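Quick note: residue numbers are just sequence positions, from 1. Note that the coordinates shown come from a computational prediction; the quantities given were computed from them, not determined experimentally.
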Amino acid sequence: MEREAICTKLPFWSKLSEKEKTVARCGLTQHSYEKGVYILGFSDACLGMVYIRKGSIRVYITSEEGREVTLFHISEGECCVFSSACAIGGITLDVQMIAESEVELSAVHAGTVAKLMESNIHFKCFIYELATARYSTVVWVMQQILFAHFDERMARFLLSVYEKTGDKTIRMTQEAMAQEVNSAREVVARMLRQFAFDGWIELKRGAVVLKDMDALKNLAE
């Protein structure tokens, strides 16, 4: 895809002046990643603000013991500023990113982000609104881990996947589900077996079929 065509897809592009668009073009780089490749880690330099053109990315943090906590996902057409924390004051969350599928993304260099924030109030508002929305998601995830019963979390996750795909058959491994609900695979397996015993779901190889939506919704509420 040509650089100009990529630029026009950026959600803030129309708010930039011609001079600022030139600055943005110079600071824009293109990247491609295979599924499972780490995009951002503890030792990496500041990547800049990313815009996903294709695929999806899982954003997570890792504890000292090596436990991963999934914070959110970035999908096609979405941006993330946590990867440009070095250019934005107040963002101190040290996240990691991994490609969930083949990913193509555009990255606005951190220095370019800082320049545009100084010169354009619309861009600055866009950045802080995006950061605020992501932080709200992070806080919600932490609240779920700290305060919600695991059966509630599991039910919410299953329903969220259904709402996203419209398919009652959720084709995911228990290991992948464990990453999403921030728990151990054994705990997920035990809860799914209980849901199956109650008649709420049906377990298949590499998949879960939702059977009793009302029961799952009542639990999730």
Side-chain angles (χ1 to χ4, degrees), residues 33-41 50 52-63 65-80 82 93 95-105 133-221:
Y33 302 91
E34 296 295 325
K35 181 179 179 179
V37 172
Y38 288 93
I39 296 172
L40 184 71
V50 299
I52 309 302
R53 304 196 314 272
K54 175 185 176 182
S56 65
I57 293 172
R58 182 170 70 96
V59 181
Y60 63 99
I61 55 176
T62 305
S63 70
E65 296 77 22
R67 179 189 173 191
E68 295 181 2
V69 175
T70 299
L71 300 178
F72 53 85
H73 302 264
I74 319 171
S75 302
E76 185 175 331
E78 295 182 333
C79 295
C80 184
F82 282 5
L93 191 62
V95 301
Q96 294 173 278
M97 297 180 175
I98 190 170
E100 296 185 296
S101 60
E102 290 188 3
V103 169
E104 294 179 5
L105 64 81
R134 294 301 188 193
Y135 268 121
S136 295
T137 301
V138 171
V139 171
W140 184 85
V141 169
M142 295 306 174
Q143 286 177 328
Q144 292 296 300
I145 294 173
L146 292 172
F147 304 120
H149 294 296
F150 185 70
D151 56 351
E152 297 173 8
R153 287 164 53 195
M154 196 69 216
R156 289 192 188 108
F157 167 71
L158 295 174
L159 291 170
S160 70
V161 176
Y162 167 71
E163 290 170 0
K164 184 183 297 184
T165 64
D167 191 345
K168 290 186 178 181
T169 300
I170 299 174
R171 296 173 178 83
M172 292 180 68
T173 65
Q174 293 178 358
E175 185 67 34
M177 290 185 184
Q179 285 185 335
E180 293 301 316
V181 297
N182 301 307
S183 187
R185 187 193 64 79
E186 294 77 11
V187 177
V188 169
R190 187 163 57 248
M191 187 55 62
L192 290 176
R193 286 196 298 269
Q194 182 61 52
F195 284 0
F197 178 80
D198 293 334
W200 299 354
I201 65 171
E202 179 184 350
L203 294 177
K204 293 188 176 182
R205 186 177 181 84
V208 171
V209 181
L210 307 186
K211 292 292 188 180
D212 192 336
M213 301 294 290
D214 290 336
L216 290 170
K217 289 177 181 177
N218 289 336
L219 179 59
E221 294 173 355

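- In plain terms, the two heavy atoms of C79 and I74 that are nearest each other are O-CG2, 4.1 Å.
- Heavy-atom minimum distance, L210 versus I201: CD2-CG2, 4.0 Å.
- Between the CG atom of L71 and the CZ atom of F82 there is a distance of 7.5 Å, given to the nearest 0.5 Å.
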Any chance you could lay out the side-chain contact (heavy atoms from CB on, under 4.5 Å) test for Y60 and V69, step after step, and finish with the verdict?
CA-CA 5 Å; Y60 63 99; V69 175; 5.8 Å; no
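- Note that CG of L105 and CD1 of I39 are 6.0 Å apart. Values are rounded to the nearest 0.5 Å.
- With S101 contributing its side chain and G55 its backbone, the two residues share no donor-acceptor pair below 3.5 Å.
- M177 is listed as a side-chain neighbour of L192, based on a closest heavy-atom distance under 4.5 Å.
- Closest heavy-atom contact between I170 and D167: CG1-O, 4.4 Å.
- In this structure the side chain of V188 never reaches within 4.5 angstrom of the side chain of E175, judged on heavy atoms.
- Looking at V139 and Q143, their side chains come closer than 4.5 Å, going by heavy atoms from C-beta outward.
- Between atom CD1 of residue I145 and atom CH2 of residue W140 there is a gap of 9.5 Å, rounded to the nearest 0.5 Å.
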Under the side-chain contact (heavy atoms from CB on, under 4.5 Å) criterion, do V187 and V181 qualify, and how do the steps go?
CA-CA 10 Å; V187 177; V181 297; over 6 Å; no
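- Here the two rings, on F157 and F150, have centers that are 6.0 Å apart or farther.
- Side-chain contact check for R134 versus V59: every heavy-atom pair is 4.5 Å or farther apart.
- A 4.5 Å side-chain heavy-atom check between M191 and S183 finds every atom pair outside the cut-off.
- Nearest heavy-atom pair, F195 versus D151, reported as atom, atom and distance to 0.1 Å: CZ-O, 3.6 Å.
- At a threshold of 4.5 Å between non-hydrogen side-chain atoms, the residues E68 and Q96 do not count as touching.
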Could you go through H149 and L219, starting from their C-alpha distance and side-chain angles, then the distance that decides it, and tell me whether this counts as side-chain contact (heavy atoms from CB on, under 4.5 Å)?
CA-CA 10 Å; H149 294 296; L219 179 59; over 6 Å; no
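- Here NZ of K204 is found 8.5 Å from CZ of R171. Values are rounded to the nearest 0.5 Å.
- V138 is not listed as a side-chain neighbour of I61, based on a closest heavy-atom distance of 4.5 Å or more.
- Considering all non-hydrogen atoms of both residues, S75 and I52 come closest at O-CB, 3.4 Å.
- Atom-to-atom distance recorded for L158:CG and K168:NZ is 13.0 Å, nearest 0.5 angstrom.
- Shortest non-hydrogen contact noted between L203 and V208 is CD2-CG2, 3.9 Å.
- For the pair L216/Y162, no side-chain contact is recorded, criterion being any heavy-atom separation below 4.5 Å from C-beta on.
- With values rounded to the nearest 0.5 angstrom, R190 atom CZ is found 11.5 Å from Q174 atom CD.
- The main-chain N or O of A184 is never found under 3.5 Å from a side-chain atom of R67 such that the two would form a donor-acceptor pair.
- Checked by atom type and distance alone, the side chain of R58 never pairs as donor or acceptor with a backbone atom of H73 at under 3.5 Å.
- Between E152 and R156 a salt bridge is recorded (basic side-chain N to carboxylate O distance below 4.0 Å).
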